[in-house]
Amino acid sequence: MSEASRIPDHHRDAHMTRTRIILAGTVCLITVLIVLSQMVRLQIVDHQHYATLSHENRIKVTPIPPTRGLIYDRNGHVLAENRPSYQLTLIPERVPDLEKTLEQISQIVHVSDAQKERFKTQLQRSRRFEEVPLRSQLDDEEVAKLAVHRHRFPGMEVNARLVRHYPNPNHSSHAVGHVGHITREDLRRIDQSTYRGTHHIGKSGIELAFEDTLRGEVGFERVETNALGRVIRSIERTPPKPGNDLILTIDSKLQEVAERAIGDERGAVVAIEPQSGEILALASQPSYDPNKFVEGMTHQRFRELERTGWQPLYNRASRGTYSPASTIKPFVGLAALEHGVIEKDTEVHCDGEFFLEGRDRPYRCWLETGHGDINFGQALAESCNVFFYDTSFKLGIDRMSKFLEQFGFGAQTTSDIPGERRGVLPSRDWKRGAIGQGWFHGETVITGIGLGYFNATPLQLATATAILGNRGELIKPRLVRGVADGANNDQNSAIELGQATETTPNQRIDIDDPSHWEETIEGMRLAIQHYRGTARLINENLNYDFAGKTGTAQITERDVDDDEERPEHLRNHALFIGLAPADDPQIAIAVVIEHGGSGGAAAAPVARAVVDYWMLQDKTYLQQLEQGRIDASEVEDEEDSELEIAP
């Protein structure tokens, strides 16, 4: 039978149709249920989660870095400021492939390995929607290149930011210090929330010591963005609070004179105003350019600095420790006067050698023929070692150490300068704790002329000299004169606020007979004014009352008569301390010239140039010093002798 003549089965067709309808309806119902369940999950169960994601996709919170406070000298000259600079940044969440993007950007503008490493370090402390700096200090050509390729790099921004700048490179570098990028080590010790949007932190000097004052407080801005991440409008803004400005006690012109006076030598100058304790100059040479550290010092450039062997980053003024040598003699003599060991007219016979009882090896005076019968004032003027060998032996280490401690030896003098070293003030207790041995008489003799274990920083020497000039009134040296509101850019008002800062009352070193102060300072006058004084070189055409004391610290035993014939690293350190005017000092100064030779020939002229400028605003002596016209040939070496110390 053909298919056309087949009899239709209406019952079977109806069943098939119903089956198909039920199957289609079931599929549609399941589909609708799935859609409905997803809608319930999205809009009810997970509503809060997706609402938050949607909100965060539309609203961004951006940190606004504060402006770092400025640093001025006492006269309003800017020592540290902020300058605009173009900065290349990336927003990580908008960058599809970070490594590939870094590589492609490096083909357009130079990005060093160190900068890439620093970028990755910043990533660890930043949120993915925050800008992370990759390159700073872009020039106009680099900005133009990046603008042309902007469409290739989503998440890349070029912004104008303020960066730290030091207008006088190599000037006051150790005092002011510098800032640098925040490192992993910094992240471990700081509160990261206070540095949102900020990528620099104080690394040394005042920048480090007063980081909390200079930093300011970060602000925030809530902005609405489109799907591409571009800002549509600002919703809410909390402005940052600028850091406060600092007014230092330093006189930048005096600082420049001190640095020029040291010249190409290695050394330090510290000048203090005795009445206030304000540090007028804190010079350490050689110096360095702090601007090179702002955007990061490469390992290669840092190694080049270190390879010079001159340690330009080392603050010799507060961290360099040196045997004070004969500069300690005024303080030892004052202690002997106070304890009745000597009177001002007490004479000691100097024949060039001093012997301890039971010892056959002498402690020598720098003048081999001896000074003959010599009293305290003459011994200071001519720096007679034998006089102070005898005096210190009779005084004893216990009384000597306790008296010198009052002048700040063996202790930090200020909190303004981070990393200041304490030096060593020898005593029985110190030696027992540090070396585990008892004290010997020979060590007392050597300590009395500032050698042996004794060492001090130039800052300590200047502080002790200022206290001496104050006739016992104690001071706490300080580098910061005052703090000014960072929102006020008027330098004059900042200076006025700094000058209005009050100092706390000072304590005194009380001695039984105040005339002992004058007798000691008179001996220091003679060191400059007497024809046999060890600092007589700087007395020529001197127009004010200057009192001082030279020191020459012998590094090794004398093997040649002429210090100039020794290798440089074995030449003596030259030292000088001074007061002017002696009756009512306006300035106290300490100078150390490393391997400079004689204190009278190398260190004293530096002090004269600095004090000349402070007292007279005169640079004549400085110019002569720079031109080498000061003849030191008539000044004999005042050379302290450190021999083997035995029981």
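- Looking at every heavy atom in both residues, Thr414 comes nearest to Arg478 through OG1-CA, 4.2 Å.
- Counted within 6.0 Å of CD on Gln437, heavy atoms from surrounding residues, nucleotides or ligands total more than 12; the atom is thus considered enclosed.
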Exercise for review: For the pair Arg525 and Asp583, evaluate salt bridge (Lys or Arg N to Asp or Glu O under 4.0 Å) and give the outcome as yes or no after the intermediate values.
Suggested key: CA-CA 10 Å; Arg525 272 198 189 96; Asp583 286 337; 2.5 Å; yes
Check your understanding: Does the pair Phe355 and Arg361 meet the rule for a side chain to side chain contact (heavy atoms under 4.5 Å, CB included), with working shown?
Key -> CA-CA 7 Å; Phe355 292 88; Arg361 187 171 183 180; over 6 Å; no
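- Scanning for side chain to side chain donor-acceptor pair (under 3.5 Å) contacts around Gln529 gives Asp545, with sequence neighbours left out.
- Between atom CG of residue Leu334 and atom CD1 of residue Ile511 there is a gap of 5.5 Å, rounded to the nearest 0.5 Å.
- Under the salt bridge (charged side-chain N to carboxylate O under 4.0 Å, His left out) criterion, Asp398 pairs with Arg428, sequence neighbours left out.
- Here the OG1-NZ distance, from Thr346 to Lys394, works out to 8.0 Å after rounding to the nearest 0.5 Å.
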Please set out all donor-acceptor pairs under 3.5 angstrom arising from side-chain atoms of residues 454-468, sequence neighbours excluded.
unit_1	atom_1	unit_2	atom_2	d
Asn455	OD1	Val424	N	3.1
Thr457	OG1	Gln460	N	3.0
Gln460	OE1	Thr457	N	3.0
Gln460	NE2	Ala411	O	2.8
Gln460	NE2	Arg422	O	2.7
Thr463	OG1	Leu459	O	2.8
Thr465	OG1	Leu461	O	2.7

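- For His371, the ring-ring contact (aromatic ring centres under 6.0 Å, His included) partners are Trp366, not counting sequence neighbours.
- Within the model, atoms OH of Tyr389 and CZ of Arg364 stand 9.5 Å from one another, a figure rounded to the nearest 0.5 Å.
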Exercise for review: Determine, stepwise, if the pair Tyr363 / Glu353 fulfils side chain to side chain contact (heavy atoms under 4.5 Å, CB included).
Suggested key: CA-CA 6 Å; Tyr363 295 86; Glu353 295 179 335; over 6 Å; no
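- Once rounded to the nearest 0.5 Å, the distance linking CG of Asp512 with CG of Asp510 reads 9.0 Å.
- Atom CG of Asp373 has more than 12 neighbouring heavy atoms from other residues, nucleotides or ligands inside a 6.0 Å radius.
- In this structure the side chain of Ile449 reaches within 4.5 angstrom of the side chain of Lys329, judged on heavy atoms.
- Using a 4.0 Å cut-off between charged nitrogen and carboxylate oxygen, Asp416 and Lys476 do not count as a salt-bridge pair.
- Residues passing the ring-ring contact (aromatic ring centres under 6.0 Å, His included) test with Phe331 are Phe407, Phe409, sequence neighbours excluded.
- Shown here are the side-chain contact (heavy atoms from CB on, under 4.5 Å) partners of Ala283, two or more places apart in sequence or in another chain: Gln255, Ala258, Glu259, Ile262, Val269.
- The shortest side-chain heavy-atom distance between Trp614 and Leu280 falls under the 4.5 Å cut-off.
- Nearest heavy atoms, Ile521 versus Ala582: CG2-CB, 3.9 Å.
- In this structure the side chain of Glu443 reaches within 4.5 angstrom of the side chain of Lys431, judged on heavy atoms.
- Scanning both residues, Val591 and Ala607, for their nearest heavy atoms gives CG2-CB, 3.8 Å.
- Under the rule for a ring-ring contact (aromatic ring centres under 6.0 Å, His included), the partners of His174 that lie at least two apart in sequence or sit in another chain are Tyr288.
- Residue pairs meeting the salt bridge (charged side-chain N to carboxylate O under 4.0 Å, His left out) criterion with at least one member in residues 609-630, sequence neighbours excluded, are Arg260-Glu626, Arg608-Asp612.
- Within the 4.5 Å cutoff, side-chain heavy atoms of Leu380 are placed close to those of Phe388.
- The environment of CD in Glu343 is sparse: at most 12 heavy-atom neighbours from other residues, nucleotides or ligands sit within 6.0 Å.
- We find that Asp429 and Arg432 are joined by a salt bridge, their nearest charged nitrogen and carboxylate oxygen being less than 4.0 Å apart.
- Contact between Gly333 and Ile342 at its shortest, heavy atoms only, is O-CD1, 4.1 Å.
- Listed here is the closest heavy atom pair of Ile272 and Pro274: O-CD, 3.2 Å.
- Glu211 and Gly202 get closest at one heavy-atom pair: OE1-N, 2.8 Å.
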Practice item. List the steps and the verdict of side-chain hydrogen bond (donor to acceptor under 3.5 Å, both in side chains) for Glu382 and Thr534. Key: CA-CA 6 Å; Glu382 301 180 41; Thr534 55; over 6 Å; no
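- Take Tyr544 and apply the ring-ring contact (aromatic ring centres under 6.0 Å, His included) test, not counting sequence neighbours, and it matches Phe546.
- Between atom NZ of residue Lys203 and atom CG of residue Leu313 there is a gap of 13.0 Å, rounded to the nearest 0.5 Å.
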Review point. Please walk me through it: do Ser383 and Lys549 pass side chain to side chain contact (heavy atoms under 4.5 Å, CB included)?
Key: CA-CA 8 Å; Ser383 199; Lys549 183 70 193 76; 3.0 Å; yes
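- With rounding to the nearest 0.5 Å, the separation of CD1 in Ile279 from OG in Ser318 is 9.0 Å.
- With sequence neighbours left out, the side-chain contact (heavy atoms from CB on, under 4.5 Å) criterion links Lys402 to no other residue.
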Exercise for review: List the steps and the verdict of side chain to side chain contact (heavy atoms under 4.5 Å, CB included) for Val606 and Leu625.
Suggested key: CA-CA 8 Å; Val606 173; Leu625 184 64; 4.3 Å; yes
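- For Pro286, the side-chain contact (heavy atoms from CB on, under 4.5 Å) criterion is met by Arg266, Trp310, Pro312, Arg316, not counting sequence neighbours.
- Within 6.0 Å of CD on Gln627 lie more than 12 heavy atoms contributed by other residues, nucleotides or ligands.
- The closest side-chain donor-acceptor pair between Ser287 and Asn170, if any, does not fall under 3.5 angstrom.
- Gln406 pairs by the side-chain contact (heavy atoms from CB on, under 4.5 Å) definition with Phe403, Ile509, not counting sequence neighbours.
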